[in-house]
Amino acid sequence: MGRKCRVGPWLTLYICRLYKNTMQYEHKSIEAKWQGKWKAEGTYRVTNDTARPKYYVLDMFPYPSGAGLHVGHPLGYIASDIVARYKRHSGFNVLHPMGYDSFGLPAEQYAIQTGQHPAKTTEINLARYREQLDRIGFSFDWSREVRTSDPAYYKWTQWIFLQLFDSWYDATADKARPISELIARFEAQGCTGQDASVLTGDVEEFMGEFSAEEWRTFDERTKQLILQHFRLAYLSDAWVNWCPALGTVLANDEVKDGVSERGGHPVERKRMKQWSLRITAYAQRLLDGLDTLDWSESIKEAQRNWIGRSEGALVRFAVKNMDLTPGPSPVERGGGASEHRFRETTDGFLWSKLIEHAKSMRRNPTEAEDRLWHVIRGTATGGRIRRQHIIDKFIVDFVSLPKQLVIEVDSDIHDLQQEQDAARTLHLEQKGFKVIRFRNEEVLRDAEGVRHKIIQELNARPDFATDDDTSEDGISPLSPGEVPGEHSSPLPGRGVGGEVEVFTTRPDTLFGVSFLTLAPEHELVPLLTTPERKAEVEAYVNSAKNRSERERQAEVDKVSGVFTGSYAKHPFTGADVPVWVGDYVLAGYGTGAVMAVPGGDQRDWRFAKHFGLPIIAVTEGADIEKEADERKDATICSEGFLKGLKVPQAITRAIQELEKLGAGEGKINFRLRDAAFGRQRYWGEPIPIYYKDGVPYPLPESELPLKLPEVDKFLPTEDGEPPLARAANWSYNGNPLETTTMPGWAGSSWYFLRYMDPQNAERFASAEALNYWQQVDLYVGGSEHATGHLLYFRFWTKFLHDRGHITFDEPAKKLVNQGMIQGVSQRVTVGYVDLDHQVRQQRVGLRIPTETGEFQLFNSEEYLKYSDDGTPVTQSVIMSPRSEILKDFDSINMVNFQEVNVPIEHVADGVLDVSGYRDSLEGRKHADAVFIADGGFVWRDVSKCLSPNRTQSIRTEPVVEKMSKSKFNVVNPDDIIAKYGADTLRLYEMFLGPLEQSKPWDTNGIEGTYRFLRKFWNLFHQEGATPGQARSDNAVVVSEEAPTKPELKVLHATLKKVTEDIEKMSFNTSVAQFMIAANELGSLKCNKRAVLEPLVVALAPFAPHIAEELWEKLGHAESVTVAPWPQWDAQHLVEDNFSYPISFNGKTRLMLEFPIALSKEEVEAQVLANPEVQAKLEGKAPKKVIVVPKRIVNIVV
RNA sequence: GCCCGGGUGGUGAAAUGGUAGACACGAGGGACUUAAAAUCCCUUGGUCCGUAAGGGCCGUGCGGGUUCAAGUCCCGCCCCGGGCACCA
């Protein structure tokens, strides 16, 4: 390998001749060589070698876009690569994989536009991405690469989905359990008490109770529908964020300010049949788990905000509708006097609530209705009669659908509302129904007679439709289409009448309630509105609904609302509390209704002030005329049991009292909503579900993966079905398959597990691999995933843990967010100069006064364009820097000016290359523009500048913003690597500043790191006495001599700093330390192996190519990547003396050197004895002398 | 509005309460060279005094405070970036 030769009596050199005729540090050949070797030798192949301690370093899953990498993308990868390599040197078995989140919208959009299959586009993008990554020299084990769009991968994504479908959340055990255990429980004890109220995120559906006997009598379909309410993956009607432009549903975190995060398209709230994941079941655990994680505080805060836990109470206010309860109460159903009144609703979207109401009424029929039902049910009338059926927007008592005959039984209450009944009859008749009415007494007196009358009516009517609903007790819509698909399980629901439920965090302020406010979308709004207020309320609700989410957010300080005319009863005082509607109350949070306490809540206060509602003081010392008192340390002043209590105690007491009365209870509410899981899209994982009898069933595991079918177009079908509906035979055993696909975050919610055992065909990963690798030790990625990916990632991990598939319940112990590398855009101003009247008339050009006299701008016809009638037209111009030019030419009349970004390749040192930019505009707007520079102008080319004595360059204006193709400010790492090499790029990205911080990219600074690498290289190739000059033969020259004390000090100081800095992930300072070492060793002319060799190892994580090359040249056969990490030794850092800064009153005045061994007193004595110090003291005695050993001496005078 | 970050030379940035500006870019000057590249050396926060050697004062967003000593800790503001937002 090398030959030994004697150069001098005390110097032995190893001279290794490796390259002929190469000079200096040749990054190109070195990097190509080692990248090739690593690949050929599988240097970074990782085995599940359980004998060694493991370390798992993971980068956030990239989505490979067509635009390729820019210099900002690898920042985090470089940092994680340094840690991975460092840990490998330190004896760990390091897992550092990479793969792709390869399903996604952009490939699909491209497919829609071009017809190109997204798989193909994705393949091309991946290849490009891989090529770019390879050039940077990462230590990824590519044999473990995963792709979410690979069926071998998404098989397990689908499998996890089925696990979710097969699970329910046991609130008592606080974990997910198999659905079979729930079924067993229903069979044994039914569903009662706690089980009966299940919150399902956006759906917030109340489950009625049923006994074990009832459960056993339910048919299969009913059982399945009930189980939907408990599954962690469930199908239901939910409010979703529908984006018409993208044609799909978006998750909450994909919507920002009322528009889609990707593309900025408007988003509307819509009620849709939707697959959802019950992440809300995990809200508390997701919150608690944060405390155990070494993640940045900002990410943890963002997640805490997103989960949004608030403690408080649920309070029920009985509704007493004053208008509808005059005098003695008529026959009532359990729900209250106004129930019949509630039959009328104004809105189709209340459908599912109507069904619940219908079910409730059916369960609590009036005596008369019940009697009649017994005589007309089944085939007693010769055809099928349904009861409490929804028609359009009414619930009718009975109906025959084929005959379109409505039968109503009027209780006494109807006397009071004949007018409405008439309207209702008219409405139904317009729909083609005949309405017949019977009085309560008549039915009770002679049910048989009534039955005969009904049969007569039925026989007199023709057949209108076939009644194809076969379910015995089913409720089906007669006018379908408003809400697609199944609506609800046939279970008893919550009665809509009777009470308004509110959530409050301040039950202690209950005595200050002066009204209730409902969200405009609240289900009770139409029901509580009194006839005389109906028009007004409807108008308000409609306008509130029609205003977009965005508008509502924008008009936050506008108070609006309307009184319903109804009153509720205060649970403590029994006082009448008016019920209002206001859009400051959000339908989606809590119960969609608030108890308004103007004295204690500023929003309520503003509402009360605006509408002149009473403001009641709830706290001592509050100035309620000015504002609400929201202090949480106040004392309650309301008369009664809360008086004198501090807020926290009063809250506890109020909840106790509410519970005593049964008017409420303590409750914890979360802002977190269940996650929408279906996308009306092609390029995603198919959901492994088929439908039988309209009920979803899981595909058997043996059928996985359910592969994406081929389709003719990637668009929705003509009737709005998702693209998968285009596929031929999209069915399982003749049953239709689900047509929506999973969202982008599905595959990325568990990918870290697959890397542990990527080829496993039997399981998502073997138990051995999972047990060995466990959690990610270091996760590096952008903070933009704070509430999306990182929450789902944790959710799936917890779920898999609950179901016993993994032993840990958090995916990543430590998380580091790299900052964004921003681009520096270069801007110019483009627009038009409007030529004035004089110019048009006389064709003389535009005279412009400047500081040095008059300057003629368009002073020749050559520079003017003319319209058909021969007059000069408005001239297109490009000017920069705008402010300077405007100072010079204040008389220019400008129109339509705007700042635009110039592609950065046309800008050098802030000066625009006019010709180049001009050419790039060819055929586009402003292609024939006149360029105006500061102090003069340029026509087409600098050579034709008409004011040669003035500044001639177009200076662009730099702006720091996001690096993106559309902003023309992208710097491609390939270009940097071609010029400086990957090692330089790696070092420079690290050197730029702290990893977490965002910073603009400035290629200029890269020279410094490039220079450093050359200096470092030259330390091994020094040519005799010339410092910094490499030998022309490029042979390594290292001395075997023992290093000197200062050399050892440099070495060990560097090892110490670099080791500590990597542990802290402070890479910029470790690079600086390497630079210091290279500079100092250069000055010391040190080329000793004992010093340089450890430095090569220490540098290897940062600049692996050059390190490998030098390592090899130093005579090592094995890769530097397996060399043990060099340890620093404190003994070499010990100093004999310390140079003390001597300060007077904290201001340093001089330096004095003393031996470290000196005691405080000795130092003080010697300092005071110093003549310079004495001179400063001017004979005065110091008041005090502070000596901090090895730090400072401070003399107080 | 609330919650996180952050504000230091021309620029990117360093700095366990203890010499503010390490390291690097850029700029200026110099050496080597026919020249360029490369390399090396010097200067580079502001300002004032001095021919010079040298010295003084001011300086980490602003105003206070604690301390022998504050970029760092405390209080109150201002500005920038990010997150959340009529969340009851």
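In what follows, chains carry the letters A, B, and so on, assigned in the order in which the sequence lines appear, proteins first and then strands, with residues in each chain numbered from 1.
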*Which is it for A:Glu1164 and A:Lys1184 under the salt bridge (Lys or Arg N to Asp or Glu O under 4.0 Å) test, yes or no, and what are the steps along the way?*
CA-CA 10 Å; A:Glu1164 181 174 338; A:Lys1184 200 172 174 185; over 6 Å; no

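- One can place CZ of A:Arg606 at 16 Å from P of B:rA88, the figure rounded to the nearest angstrom.
- Taking 90° from 0 as the syn/anti boundary, the base of B:rG29 is oriented anti.
- Comment: A:Arg606 does not engage A:Glu627 in a salt bridge, judged by the lack of any side-chain N to carboxylate O separation of less than 4.0 angstrom.
- Checking B:rG12, B:rA13, B:rC4 against every side-chain atom of A:Asn1068, the shortest atom distance belongs to B:rA13.
- Straight-line distance from the CZ atom of A:Phe1067 to the P atom of B:rC23: 22 Å, rounded to whole Å.
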Between the protein and nucleotides 65-72 of chain B, list every N/O to N/O distance that falls short of 3.5 Å.
from   : atom 1 : to        : atom 2 : distance (Å)
B:rC68 : O2'    : A:Asn1194 : ND2    : 3.1
B:rC68 : O2     : A:Asn1194 : ND2    : 2.7

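- Comparing B:rA69 with B:rG10, their P atoms sit 29 Å apart, to the nearest whole Å.
- Here B:rC23 is the nucleotide among B:rC40, B:rC23, B:rC86 with the atom lying nearest to any side-chain atom of A:Met1075.
- Taking atom CG on A:Asp1061 and atom C1' on B:rA22, their separation rounds to 12 Å, with Å as the unit.
- Closest approach to the A:Pro1141 side chain among B:rC84, B:rU19, B:rC86 is made by B:rU19 (side chain taken as heavy atoms from C-beta onward).
- Taking 4.0 angstrom as the limit, A:Ser310 places a side-chain polar atom (N or O) nearer than this to OP1 or OP2 of B:rA88.
- The side chain of A:Ser298 sits closest to B:rC4 out of B:rC4, B:rU19, B:rA88.
- For B:rA85, one of the phosphate oxygens OP1 or OP2 lies less than 4.0 angstrom from a side-chain nitrogen or oxygen of A:Arg671.
- Rounded to a whole Å, the CG atom of A:Leu1013 is 13 Å from the C1' atom of B:rA24.
- Each of A:Gly993 and A:Trp306 was matched to the nucleotide of RNA chain B holding its nearest heavy atom; the match closer to the 5' end belongs to A:Gly993.
- Pair assignment for B:rC2 gives B:rG83, based on Watson-Crick or G-U wobble hydrogen-bonding distances that are each under 3.5 Å.
- As rounded to the nearest Å, B:rG12 and B:rG7 have C1' atoms that lie 15 Å from one another.
- For A:Arg1014, no side-chain nitrogen or oxygen approaches OP1 or OP2 of B:rA38 to under 4.0 Å.
- Taking atom OH of A:Tyr25 as the reference point, atom C1' of B:rA37 lies 18 Å away to the nearest angstrom.
- As judged by a 4.0 angstrom heavy-atom cut-off over every strand, A:Ala302 is placed among residues touching the sugar-phosphate backbone only.
- For the residue pair A:Ser310 / A:Asn669, no side-chain donor-acceptor distance below 3.5 Å is found, with atom types taken as modelled.
- In this structure, the CD atom of A:Glu784 is 19 Å from the P atom of B:rG5, given to the nearest Å.
- Using a cutoff of 4.0 Å between basic side-chain nitrogens and carboxylate oxygens, A:Glu311 and A:Arg309 are scored as salt-bridged.
- Among the atoms of the strands shown, only primed sugar atoms or phosphate atoms (P, OP1, OP2) are found under 4.0 Å from some heavy atom of A:Pro994.
- Rounding to the nearest 0.5 angstrom, the gap separating the OG atom in A:Ser1143 from the CZ atom in A:Arg1149 is 9.0 Å.
- If you check B:rA27 for Watson-Crick or wobble pairing at under 3.5 angstrom, you find it paired to B:rU43.
- Aromatic ring centroids of A:Tyr988 and A:Trp1001 lie under 6.0 Å apart.
- Base contact: A:Met1151 has a heavy atom under 4.0 Å from a base atom.
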_For a side-chain hydrogen bond (donor to acceptor under 3.5 Å, both in side chains) check, start with the C-alpha distance between A:Glu501 and A:Thr591, then their side-chain angles and the critical distance, and finish with the verdict._
CA-CA 6 Å; A:Glu501 222 168 37; A:Thr591 60; 6.0 Å; no

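- Using a 4.0 Å cut-off between a side-chain N of Lys or Arg and a carboxylate O of Asp or Glu, A:Glu1060 and A:Lys1064 do not qualify as a salt bridge.
- Map A:Lys1190 and A:Arg603 each onto its nearest nucleotide of RNA chain B; the residue landing nearer the 5' end is A:Lys1190.
- Under the Watson-Crick or G-U wobble criterion, with both distances below 3.5 Å, B:rA15 is left unpaired in every strand shown.
- Distances were taken from every side-chain heavy atom of A:Thr1148 (C-beta onward) to each of B:rG83, B:rA20, B:rA24; the shortest belongs to B:rA20.
- Here the P atom of nucleotide B:rC3 and the CZ atom of A:Arg309 are 19 Å apart, to the nearest Å.
- Spacing of P atoms, B:rG55 relative to B:rG18, comes out at 25 Å, to the nearest Å.
- Between A:Phe1074 and A:Phe1102, the gap from one ring centroid to the other is short of 6.0 Å.
- Taking atom CD1 on A:Ile821 and atom C1' on B:rG12, their separation rounds to 11 Å, with Å as the unit.
- With B:rC84, B:rA88, B:rC23 as the candidates, the nucleotide lying closest to the side chain of A:Ile1076 is B:rC23.
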With 3.5 Å as the limit, what N/O pairs link the protein to nucleotides 25-31 of chain B?
from   : atom 1 : to        : atom 2 : distance (Å)
B:rC25 : OP1    : A:Arg1011 : NH1    : 2.6

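- When the nucleotides B:rC58, B:rC86, B:rA14 are ranked by their closest atom to the side chain of A:Tyr584, B:rC86 comes out on top.
- Atom C1' of B:rG71 sits at a distance of 29 Å from the matching atom of B:rG54, rounded to the whole Å.
- Nucleotides B:rC25 and B:rA20 place their P atoms 25 Å apart, quoted to the nearest Å.
- Across all strands shown, B:rA53 forms no Watson-Crick or G-U wobble pair with both key distances under 3.5 Å.
- For A:Asp1061 and A:Ser1070, the side-chain atoms include no donor-acceptor pair closer than 3.5 Å.
- In this entry B:rC77 has B:rG61 as its Watson-Crick or G-U wobble partner, both defining distances falling under 3.5 Å.
- In the set B:rA13, B:rC87, B:rC3, the nucleotide with an atom closest to the side chain of A:Lys999 is B:rA13.
- Comparing the C1' positions of B:rU60 and B:rU8 gives a spacing of 4 Å, expressed to the nearest Å.
- With both ends at atom C1', the span from B:rG65 to B:rA52 equals 44 Å, rounded to whole Å.
- A:Trp295 does not carry A:Lys300 over the face of its six-membered ring by the limits of under 6.0 Å from the centre and within 45° of the normal.
- Between B:rG64 and B:rC3, the distance separating the two P atoms is 26 Å to the nearest Å.
- For A:Lys1049, the NZ atom counts as loosely surrounded, since its 6.0 Å shell holds 12 or fewer non-hydrogen atoms of other residues, nucleotides or ligands.
- Ring-centre distance between A:Phe515 and A:Phe611: not below the 6.0 Å cut-off.
- Here B:rU72 sits opposite no nucleotide as a Watson-Crick or G-U wobble pair (both hydrogen-bonding atom distances under 3.5 Å).
- Note on A:Gln997: a side-chain N or O is less than 4.0 Å away from OP1 or OP2 of B:rA13.
- Legend: residues meeting side chain to side chain donor-acceptor pair (under 3.5 Å) with A:Arg506, ordered by chain and number and at least two apart, are A:Asp508.
- You'll find that the side chain of A:Ile1192 is closest to B:rG18, out of B:rG18, B:rA88, B:rA24.
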